[in-house]
Engineer: 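Questions regarding the structure given below will be posed in turn.
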Amino acid sequence: MTSSAPASSSLALPDDLVGRANIGVVGLATMGGNLARNLARHGSAVALFNRSPQRTRDLMAAHGDEGTFIPTESITDFARALARPRTAIIMVKAGEPTDEVIRQLTEVFEPGDIIVDGGNARFTDTIRREAAAREHGLHFVGAGISGGEEGALEGPSIMPGGSVESYETLGPILASIAARVDGEPCVTHVGTDGAGHFVKMVHNGIEYADMQLIGESYDLLRRGAGMTPAEIADVFAAWNRTELDSYLIEITAEVLRQVDAETGLPLVDVIADRAGMKGTGTWTVQTALDLATPVTGIAEAVFARGLSTQTAPREAAQARFTEAQGYPGGTLAVTDRAAFVEAVRQALLAAKLVAYAQGFDEIRAGAARFGWDIDLAAIARIWRGGCIIRAGFLNLIAAAYDGDPADAPASLVLAPHFARLLDAAQGAWRQVVAHATLAGIPVPAFASSLAYFDGLRSPRLPAALVQGQRDLFGAHTYERTDRPGAYHTLWSGDRSEIRVG
Ligand SMILES: NC(=O)C1=CN([C@@H]2O[C@H](COP(=O)(O)OP(=O)(O)OC[C@H]3O[C@@H](n4cnc5c(N)ncnc54)[C@H](OP(=O)(O)O)[C@@H]3O)[C@@H](O)[C@H]2O)C=CC1
Ligand SMILES: O=C(CO)[C@H](O)[C@H](O)COP(=O)(O)O
């Protein structure tokens, strides 16, 4: 440990510690504290700064012996502790607190220095911040970091966006602390300015969809088939040894096995059924709407969390639309439990594939809109470890996107391996959605992903009728199937057609 600050008082940085740190962390709460420890354990000399100095002191008291730390209690000393180019990772609350810290660093940093925001920032904020930092000659890197508390310490998946030049300094440091899969660090230079936070946003959107699909699977097995949480935990543990192998499936088994010490009931039965969210899923959907890219599974997951918190209408509807009134009561007549469990597994696999396909489509659309050159195979590879959506089948996604982007499948569902997966699963997927609907078990993510898939497959969509309606009430024009151009029917006149473009 290198510690200049005693446990309880603030002192200026001794001269021998000036320029000693190769990296610094500002914000030492759950994520920042663990990231600093991870950096120190991997050989970095880490300057520390937190708005409330007690947090820095606590970190030093508990973990100061894990590596080389240089604790500081002013932003000026923090900057003095850093070797050039100074490199600082901000891990504070997203939004205004991040802007506040950037302002402070901008005052003490010099041209060529690097500010990394590792928080869950909105990518548009990152684009703005990068442009402002550039005016001061600073590099600004928006780095999505996933893996939660444990990942920050043991190895997260890291999605940095910023200048290529800054990545020369930053890349090796991030590679030293990232999770590793097959010997490869789960970090890649995603693109310029907001690219990293854009990709992290979509990661979180996929996380929402995956969790919702797992939740719907649980509901089908629990209410539909009358299984206990412990039995369903065994099902998820078994699924984790199939193509569904993933962190979220693994932790689902753990949650379902947990018993509440106070009541002796399964913990899942005493947790209020109101899901929280911090906003990244919502941003994913808002952005997808702007890009006109359907992310239906993610959108349904966000809305399902919203619905879960609508206590008053839920209670009123529960009282009004009862079984006594002729509504289905949420149970299924399951005669062959093993076959039903397998059908739900197949449906989950198919719908999960659609969620990932939609997420990757959004990244592709975002890259085209914002001018980023994003390697989709590399993104799949860095999501294989460290992050919340890590999953065995990301290897297959990476393989589908490997090679010349011009040869990439138009949608992941069309990659040969995944198309065969859908060939095998689509029957079960339809059965599950149909039975759930008849039984009154809500499966919004299963159903919307199936509708999306059928939309992709349909030779004709009712969009043709929508165009006709738009032309009738607003002269919005339409294209024809048989020749180029834009056309309008004179609906209020003689109903002849004119070419308008
Ligand atoms: N928690 C998680 O699982 C994950 C979090 N993230 C992101 O990482 C970032 C850090 O998350 P987490 O560790 O959970 O901490 P929090 O989001 O709870 O933020 C707490 C930290 O922010 C600092 N802070 C708050 N306001 C200010 C301010 N105005 N000026 C300076 N510092 C301020 C706090 O300082 P003080 O001690 O003085 O209050 C503290 O260090 C967030 O952006 C979060 O979205 C990303 C992935 C996963
Ligand atoms: O970023 C994360 C993982 O990568 C967090 O786990 C995520 O922010 C959780 O989001 P929410 O609170 O909205 O469910």
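As the structure lists them, so they are numbered: ligands from 1, and atoms in each ligand from 1. Side chains are part of it too, since the values below use all heavy atoms of this structure and drop only hydrogens, waters and symmetry mates.
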Engineer: Do Arg364 and Asp361 meet the salt-bridge criterion of a basic N to acidic O distance under 4.0 Å?
Structural biologist: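 Salt bridge present between Asp361 and Arg364.
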
Engineer: Would you mind running through ligand 2 and noting each atom that sits below 4.0 Å from a heavy atom of Lys278?
Structural biologist: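 Going through ligand 2 atom by atom, the ones under 4.0 Å from Lys278 are 11 (P), 12 (O), 13 (O).
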
Engineer: Fit a plane to each ring of Phe393 and Tyr356, take the angle between them on a 0 to 90° scale, and name the class: parallel (under 30°), tilted (30 to 60°) or perpendicular (over 60°).
Structural biologist: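 Aromatic pair Phe393/Tyr356 classed perpendicular.
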
Engineer: Out of all atoms in ligand 2, which are within 4.0 Å of some heavy atom of Ile388? Include the element for each.
Structural biologist: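 Heavy-atom distances to Ile388 below 4.0 Å select 3 (C), 4 (O).
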
Engineer: In terms of atom number and element, which parts of ligand 1 are under 4.0 angstrom from non-hydrogen atoms of Leu28?
Structural biologist: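 Within the 4.0 Å cut-off of Leu28, ligand 1 contributes 41 (O).
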
Engineer: Please identify which atoms of ligand 2 are closer than 4.0 Å to at least one heavy atom of Ser146.
Structural biologist: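 In order of numbering, the contacting atoms are 3 (C), 4 (O).
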
Engineer: Short list, please: which atoms of ligand 1 are under 4.0 Å from a heavy atom of Val101?
Structural biologist: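 The list of qualifying atoms is 31 (C).
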
Engineer: Side-chain contact, heavy-atom cut-off 4.5 Å: Asp99 with Arg128?
Structural biologist: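 Yes, at least one pair of side-chain atoms sits under 4.5 Å.
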
Engineer: Among Arg103, Arg55, Lys93, whose heavy atom sits nearest atom 19 (O) of ligand 1?
Structural biologist: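 Heavy atom nearest to atom 19 (O) of ligand 1 belongs to Lys93.
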
Engineer: Once rounded to the nearest 0.5 Å, what's the spacing between atom NE2 of His136 and atom CD of Glu110?
Structural biologist: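 His136 NE2 to Glu110 CD: 13.5 Å, rounded to 0.5 Å.
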
Engineer: Do the side chains of Glu243 and Arg345 get close enough for a salt bridge, i.e. N-O under 4.0 angstrom?
Structural biologist: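 Salt bridge flag = yes for Arg345 with Glu243.
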
Engineer: Ignoring hydrogens, just give me the one of Asn204, Ile389, Thr282, Val302 whose non-hydrogen atom is nearest atom 7 (C) of ligand 2.
Structural biologist: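 Among Asn204, Ile389, Thr282, Val302, the closest heavy atom to atom 7 (C) of ligand 2 belongs to Asn204.
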
Engineer: Are any of the N/O atoms on Arg305, whether in the backbone or the side chain, positioned under 3.5 angstrom from an N/O atom of ligand 2?
Structural biologist: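 Right, the criterion is met.
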
Engineer: Is a salt bridge present between Arg257 and Asp234, judged by a nitrogen-to-oxygen distance below 4.0 Å?
Structural biologist: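 So Arg257 pairs with Asp234 through a salt bridge.
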
Engineer: Using a 4.0 Å cutoff against the non-hydrogen atoms of Ala29, which atoms of ligand 1 qualify?
Structural biologist: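 Contacts of ligand 1 toward Ala29, numbered from 1: 13 (O), 15 (O), 20 (C), 21 (C), 40 (C), 41 (O).
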
Engineer: Checking side-chain polar atoms at under 3.5 Å, does Gln258 have a donor or acceptor matched by the opposite partner on Glu254?
Structural biologist: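 Checked: Gln258/Glu254 side chains show no N/O donor-acceptor pair below 3.5 Å.
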
Engineer: What atoms of ligand 1 come closer than 4.0 angstrom to any heavy atom of Gly148?
Structural biologist: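 The list of qualifying atoms is 3 (O).
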
Engineer: Would you please indicate if the ring centroids of Trp383 and Phe360 are separated by under 6.0 Å?
Structural biologist: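 Yes, the ring of Trp383 comes within the 6.0 Å limit of the ring of Phe360, centre to centre.
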
Engineer: Considering only heavy atoms of Gly119, which atoms of ligand 1 have at least one such atom less than 4.0 Å away?
Structural biologist: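 Once the distances to Gly119 are compared, the set is 7 (C), 8 (O), 9 (C), 43 (O).
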
Engineer: Do me a favour and list the nearest non-hydrogen protein atom to atom 38 (O) of ligand 1 with residue, atom name and distance?
Structural biologist: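 Result for atom 38 (O) of ligand 1: Ser52 OG, 2.5 Å.
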
Engineer: Can you name the atoms of ligand 1, numbered from 1 with element, that are less than 4.0 Å from a heavy atom of Thr30?
Structural biologist: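 Those of ligand 1 that fall under 4.0 Å from Thr30 are 13 (O).
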
Engineer: Identify whether NZ of Lys or CZ of Arg in Arg305 sits under 6.0 Å from the centre of the six-membered ring of Tyr208 and within 45° of that ring's axis.
Structural biologist: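 Cation-pi check for Arg305 and Tyr208: passes.
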
Engineer: Please list, in number order, the atoms of ligand 2 under 4.0 Å from a heavy atom of Tyr208.
Structural biologist: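 Those atoms are 11 (P), 13 (O), 14 (O).
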
Engineer: Parallel under 30°, tilted from 30 to 60°, perpendicular over 60°: which one fits the rings of Phe78 and Phe49?
Structural biologist: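 Phe78 and Phe49: tilted rings.
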
Engineer: Taking a cutoff of less than 4.0 Å between a non-hydrogen atom of the residue and any ligand atom, is Met211 in contact with ligand 2?
Structural biologist: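 Checking ligand 2 against Met211, which is what was asked, there is no heavy-atom contact under 4.0 Å.
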
Engineer: With only distance considered, is Lys200 within less than 3.5 Å of ligand 1 through an N or O on each side?
Structural biologist: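 So ligand 1 has no N or O lying under 3.5 Å from an N or O of Lys200.
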
Engineer: In the protein, which heavy atom is nearest to atom 45 (O) of ligand 1, and how far is it?
Structural biologist: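 Closest protein heavy atom to atom 45 (O) of ligand 1: Asn120 CB, 3.4 Å.
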
Engineer: Do you see a donor-acceptor pair shorter than 3.5 Å between the side chains of Ser308 and Asp273?
Structural biologist: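 The answer is no; no qualifying pair exists.
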
Engineer: Which option, Met201, Lys200, Glu149, owns the non-hydrogen atom nearest atom 1 (O) of ligand 2?
Structural biologist: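 The option holding the nearest heavy atom is Lys200.
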
Engineer: Would you call Glu100 and Arg51 a salt bridge, using N to O less than 4.0 angstrom?
Structural biologist: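 Looking at Arg51 together with Glu100, the answer is no, because their closest N to O distance does not fall below 4.0 Å.
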
Engineer: Just to confirm my output: which protein heavy-atom neighbour is closest to atom 41 (O) of ligand 1, and how far is it?
Structural biologist: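 I find the closest protein heavy atom is Asn50 OD1, 2.8 Å.
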
Engineer: For the ring pair Trp429 and Phe453, is the centre-to-centre distance below 6.0 Å?
Structural biologist: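 Yes, the ring of Trp429 comes within the 6.0 Å limit of the ring of Phe453, centre to centre.
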
Engineer: Of all the atoms in ligand 2, which lie at a distance below 4.0 Å from a heavy atom belonging to Met277?
Structural biologist: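 Per the distance check, 13 (O).
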
Engineer: Give the atoms of ligand 1, by number and element, whose distance to some non-hydrogen atom of Gly27 is under 4.0 Å.
Structural biologist: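 Going through ligand 1 atom by atom, the ones under 4.0 Å from Gly27 are 41 (O).
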
Engineer: Counting only heavy atoms, tell me which of Met31, His203, Met159, Glu207 gets closest to atom 6 (O) of ligand 2.
Structural biologist: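 The nearest heavy atom belongs to Glu207.
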
Engineer: Which of the atoms in ligand 2, numbered in the order shown and given with their element, are less than 4.0 Å from a heavy-atom of Asn120?
Structural biologist: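 Once the distances to Asn120 are compared, the set is 1 (O), 8 (O).
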
Engineer: If you measure every N/O of Glu100 against every N/O of ligand 1, is any gap under 3.5 Å?
Structural biologist: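 The answer is no, given that Glu100 and ligand 1 share no N or O pair closer than 3.5 Å.
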
Engineer: Where the closest heavy atom to atom 32 (N) of ligand 1 is concerned, which of Val92, Asn204, Ile145, Thr98 has it?
Structural biologist: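 Looking at heavy atoms only, the winner is Val92.
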
Engineer: Within the 4.0 Å heavy-atom shell around Met91, which atoms of ligand 1 are there?
Structural biologist: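 Listed by number with element: 8 (O), 10 (C).
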
Engineer: Pick whichever of Glu150, Arg51, Met31, Glu149 has a heavy atom sitting closest to atom 25 (C) of ligand 1.
Structural biologist: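 Considering heavy atoms of Glu150, Arg51, Met31, Glu149, the nearest to atom 25 (C) of ligand 1 sits in Arg51.
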
